[in-house]
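What follows is a short report on a single structure.
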Amino acid sequence: CSSIPRRCPGIARASLVRPAPVSVAHEPRRSVAQLIRVAPYVIGLGGLLLGWRLRRSRLVFALLVLGWIWLPGGARLWTSIALAIVLGFGALFLWLRPFSQAVAQTVGERRVARALVDAYGSDSLSFFSLRRDKSYFFSPTRRAFLAYRVVAGSALVSGDPVGDEDEFDALLAEFRRIARSQGWRLAVVGASDQQLDRYRALGLRPIPMGEEAVLRPGEFSLEGRAIRKVRQSVSRLEKAGYTLRVVAAEHVDPALRAELDDVSAAWRGNQPERGFSMAIDDLYVAGTVFAAAEDADGRVGGFLHLAPSPAGRGWSLSTMRRRHEVPNGLTEFLIVETVAWAGEAGASEVSLNSCAFTDFLSSERAVTPARRLLRRALLAADNVFQLERLYAFNRKFFPEWRPRYLSVERLTHLPPPGLPYLHGESPLLPPGPWPRQPEPKPPAAEPRGTGAAGARSAGAGWRARSMSASGAPTHR
């Protein structure tokens with residue numbers, strides 16, 4: 001961590017009792033350096049615009065654009081606009097790229113963080129704080145922590161803190177002090193509505209970023225006309241011979257692992273791995289489970305990967321993948337049968353995906369001209385970001401919608417953490433020849449959590465059988 005003294009490698013080692021000494025004398029020089037780097041782009045952008053406005057003056061235009069006067073009028077206009085856009089994005093890039101901090105975790109810190117998640121992790125996003133691309137910041141008693149990553153000068157806190165709630169206020173206040181001393185913008189990504197009062201008291205402003213779709217096994221049903229399409233999908237997969245197999249990640253045998261990896265490779269193609277606050281970066285971490293759909297020959301057609309929220313007796317969907325040639329409705333089949341398994345295992349909820357910008361994607365809520373205009377823009381960009389498709393898919397199951405927030409100190413701070421967050425979640429990364437990363441192996445000493453209720457029962461496998469005539473799942 002270049003911005004922290006070497007005797008305290010990473011903020012994750014800091015405590016509230018004896019915070020590491022932090023020097024901020026270099027911050028003005030850093031700001032001046034940024035200004036010097038950005039200034040040529042801003043001047044260039046202004047020069048291009050001025051040159052375009054004064055394009056009839058050959059002398060001014062020659063001084064600013066070096067010979068563009070010989071271009072045809074139309075080419076000159078479009079070239080000016082193109083270069084202005086490029087230089088403008090260059091200035092924006094440098095503005096959002098002041099400095100970052102290297103992620104630092106130790107085996108001991110991961111052990112403490114995992115124990116806290118197992119003991120206190122009631123939120124559906126708690127388990128995802130254990131990703132290896134985050135640093136940890138602990139309270140002095142180590143009974144509470146938050147996970148964060150510094151990207152482009154913004155300290156992105158992943159979800160709510162985990163641990164003893166009596167220590168949250170002091171934990172957040174001290175982390176804000178450290179962030180300010182380092183010149184970082186502070187943002188909490190995926191904050192729940194249960195902690196909003198704490199964030200407001202800290203001076204943060206919550207901005208709705210979307211909603212999380214949650215299914216409750218005790219209330220979920222395939223009865224009724226409204227959900228008939230899901231019921232038909234499940235019935236079609238049952239007739240095709242598909243069954244559900246649930247296996248704990250630590251009990252996956254080599255043959256099954258090879259099939260799961262093959263499905264992942266086929267599904268991802270040349271797309272990058274995604275996730276920051278709403279996915280785990282190791283499919284085989286202990287405590288998680290696979291819900292795999294197998295055909296009559298035992299071949300895996302697709303799977304859901306679920307992470308536990310141990311204290312909340314729930315499961316959170318980390319990723320869902322399938323082969324391209326499987327019958328339509330396989331994902332619906334997986335979700336319905338997984339919810340049935342979770343109910344039998346004693347889980348209280350299954351969290352699906354978090355959908356961004358639901359206030360604007362919903363036609364019922366887009367009632368003002370500004371909301372309708374933004375909704376049209378989001379629908380036009382759906383081929384790239386697939387926000388509306390994800391929202392429409394989740395609506396099929398009539399879930400409970402749970403709001404999530406991006407909490408920032410000022411509205412003017414919204415773009416700086418917002419763009420790095422989108423970069424962290426990876427929807428802005430284009431397709432490319434992304435190399436497959438080897439799955440990280442947890443240290444031998446890392447604790448093996450049991451997950452939510454019923455996680456141990458998944459170890460030997462669980463298979464869903466057929467649908468009854470009424471549409472209710474029956475199991476063996």
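Excluded from the calculations below are hydrogen atoms, water molecules and symmetry mates; all remaining heavy atoms, backbone and side chain alike, are included.
Proximity of V289 to W315: side-chain heavy atoms (C-beta onward) are separated by under 4.5 Å at one or more points. Side-chain atoms of R114 and V285, non-hydrogen and from C-beta on, do get closer than 4.5 Å to each other. Looking at P308 and T288, their side chains come closer than 4.5 Å, going by heavy atoms from C-beta outward. Contact annotation: the side chain of V246 never approaches that of E337 to less than 4.5 Å [non-hydrogen atoms, C-beta and beyond]. A heavy-atom distance below 4.5 Å is found between the side chains of L222 and V230. Using a 4.5 Å heavy-atom threshold, the side chains of V188 and Q195 count as separate.
Remark: the backbone N or O of I280 is paired with a side-chain donor or acceptor of S318 at under 3.5 angstrom. Panel note: side chain T338, backbone I335; no donor-acceptor pair is recorded below 3.5 Å. Put simply, the side chain of R143 never gets that close to the backbone of G163: no donor and acceptor are under 3.5 Å apart. Here the side chain of S158 pairs no donor or acceptor atom with the backbone of A147 at under 3.5 angstrom. Side-chain atoms of E109 come within 3.5 Å of backbone N or O of T106 as a donor-acceptor pair. Put simply, the side chain of N394 never gets that close to the backbone of P399: no donor and acceptor are under 3.5 Å apart.
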Begin with the C-alpha distance, continue with both residues' side-chain angles, and end with the deciding distance and a verdict on side chain to side chain contact (heavy atoms under 4.5 Å, CB included) for S264 and L283. CA-CA 10 Å; S264 291; L283 292 180; 4.0 Å; yes
Yes or no on side chain to side chain contact (heavy atoms under 4.5 Å, CB included) for Y136 and R110, after CA distance, side-chain angles and deciding distance? CA-CA 8 Å; Y136 300 135; R110 285 191 58 81; 3.4 Å; yes
Stepwise side chain to side chain contact (heavy atoms under 4.5 Å, CB included) check, F397 with V339: CA-CA 11 Å; F397 302 94; V339 170; over 6 Å; no
Working for side chain to side chain contact (heavy atoms under 4.5 Å, CB included), residues V117 and L130: CA-CA 8 Å; V117 168; L130 299 176; 4.0 Å; yes
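A cation-pi geometry, defined here as NZ or CZ lying under 6.0 Å from the six-membered ring centre and within 45° of its normal, holds between R395 and Y391.
Contact detail for R402 and S124: the closest heavy-atom pair is NH1-OG, 4.0 Å. Considering every non-hydrogen atom in both L116 and A144, the closest pair reads CD1-N, 3.9 Å. The shortest non-hydrogen separation linking G302 to L334 is C-CD1, 3.9 Å. Annotation for A347 and P217: closest pair O-CG, 3.8 Å, computed over non-hydrogen atoms. Scanning both residues, P161 and F168, for their nearest heavy atoms gives O-CZ, 3.3 Å. Of all heavy-atom pairs between A307 and F128, the closest is CB-CE2, 3.6 Å.
Atom OH of residue Y148 and atom NZ of residue K134 lie 13.0 Å apart, to the nearest 0.5 angstrom. Separation of atoms CG (L172) and CG (L202) is listed at 5.5 Å; rounding is to 0.5 Å. Rounded to the nearest 0.5 Å, atoms CH2 (W401) and OG (S354) are 9.0 Å apart. Atom CG of D123 sits about 7.5 Å away from atom OG of S316, to the nearest 0.5 Å. Note that OG of S407 is 11.0 Å distant from CD of E409, once rounded to the nearest 0.5 Å. How far CG of L186 is from CZ of R176: 8.5 Å, rounded to the nearest 0.5 Å.
Ion pairing between D133 and R149 holds under the 4.0 Å rule for side-chain N and carboxylate O.
Within a 6.0 Å radius of CD in E400, more than 12 heavy atoms belonging to other residues, nucleotides or ligands are found.
Paired with R198 under the rule salt bridge (charged side-chain N to carboxylate O under 4.0 Å, His left out), one option of D193, D160, D169, D166 passes, and it is D169.
Checked by atom type, the side-chain pair E167/T141 shows a donor-acceptor distance below 3.5 Å.
Aromatic pair F175/F145: centroids not less than 6.0 angstrom apart.
Ring-plane geometry between F290 and Y284 is classed as tilted, the angle between the planes lying from 30 to 60 degrees on a 0 to 90 degree scale.
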